[in-house]
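The structure under discussion appears below in the form of structure tokens.
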Amino acid sequence: MIYALIWFLVFGLLALWSLAAWAMNAVAVWTVSNAGAMTGAASGVESLRLPEWLALWVPPEIVLAMTALLSGLAPIVESLLQAAPALASGLTVATWVIWGFGGALLILLGLGAHVLIAMWRRGESSTPPARQVAA
């Protein structure tokens, strides 16, 4: 009976692992596929400014350097967002590989528990019963 409980738990965990992998893959593929629609988002980087209360404490050279850095990063972000939909198929393959490793690990966990229970029961049955001392 304990073997059935162990394997029921292992297959239940495998079902939850499969559901979680499927859901995360669906969300990730949807996000990556729709990333190309956000290509205009990086163009607003130049309009970012420090708040007035913070600008009093930051030297102007640092503010100019940060503005130049952000404006230089905008084309890179744009190109990454445009290339993101091409990554959707690779993301599905990566999800299957990770799911396979996790599933194999769960099956090995079940096998290990099965062997440990078998060893425990074998050790329990090999010990002779204690004799009662007659008084």
Side-chain angles (χ1 to χ4, degrees):
M1 180 67 177
I2 196 157
Y3 294 118
L5 288 173
I6 291 295
W7 285 107
F8 180 76
L9 179 67
V10 166
F11 287 127
L13 287 173
L14 187 61
L16 286 175
W17 173 247
S18 299
L19 181 67
W22 172 76
M24 290 306 240
N25 181 47
V27 168
V29 166
W30 178 81
T31 303
V32 169
S33 297
N34 291 326
M38 297 176 18
T39 55
S43 62
V45 171
E46 291 87 15
S47 65
L48 291 177
R49 301 281 179 240
L50 282 177
E52 291 297 323
W53 61 272
L54 188 59
L56 297 173
W57 297 94
V58 179
E61 296 84 20
I62 293 178
V63 173
L64 290 175
M66 292 305 290
T67 305
L69 177 71
L70 286 176
S71 64
L73 286 178
I76 296 171
V77 172
E78 287 285 334
S79 65
L80 286 175
L81 286 174
Q82 289 174 353
L87 300 174
S89 62
L91 191 60
T92 302
V93 171
T95 301
W96 276 106
V97 168
I98 292 170
W99 176 84
F101 283 136
L105 196 70
L106 283 171
I107 297 297
L108 287 175
L109 179 72
L111 286 173
H114 190 98
V115 168
L116 283 175
I117 291 170
M119 289 172 43
W120 175 61
R121 294 184 93 184
R122 196 171 294 148
E124 191 176 82
S125 66
S126 67
T127 58
R131 293 186 179 183
Q132 292 184 351
V133 178

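Quick caveat: nothing in here was measured; it's all calculated off a predicted structure.
- Annotation for Leu5: hydrophobic cluster partners, listed by chain and number, are none (ILVMFWY side-chain heavy atoms under 4.5 Å, direct or chained).
- Residue pairs meeting the ring pair (Phe, Tyr, Trp, His ring centres under 6.0 Å) criterion with at least one partner in residues 53-76, sequence neighbours excluded, are absent.
- Under a hydrophobic clustering in which Ile, Leu, Val, Met, Phe, Trp and Tyr are joined whenever their side-chain heavy atoms come within less than 4.5 Å, directly or via other members, Ile6 and Leu116 fall into different clusters.
- With sequence neighbours excluded, the residues that form a side chain to side chain contact (heavy atoms under 4.5 Å, CB included) with Ile62 are Val58, Pro59, Met66.
- There is a path of hydrophobic side-chain contacts, each under 4.5 Å, that joins Leu13 to Ile98.
- For Phe11, the side chain to side chain contact (heavy atoms under 4.5 Å, CB included) partners two or more places apart in sequence, or in a different chain, are Trp7, Leu14, Ile107.
- Residues Leu108 and Val10 share a single hydrophobic cluster, defined by chaining ILVMFWY side chains whose heavy atoms lie under 4.5 Å apart.
- Phe8 pairs by the ring pair (Phe, Tyr, Trp, His ring centres under 6.0 Å) definition with nothing, not counting sequence neighbours.
- Counting only residues at least two apart or in different chains, side chain to side chain donor-acceptor pair (under 3.5 Å) contacts with residues 13-24 comprise Ser18-Trp99.
- Nearest heavy atoms, Thr95 versus Asn25: OG1-OD1, 3.3 Å.
- Closest of all the heavy-atom pairs between Leu91 and Val29 is CD2-N, 3.9 Å.
- Between the CD1 atom in Ile117 and the CD1 atom in Ile2 there is a gap of 4.5 Å [rounded to 0.5 Å].
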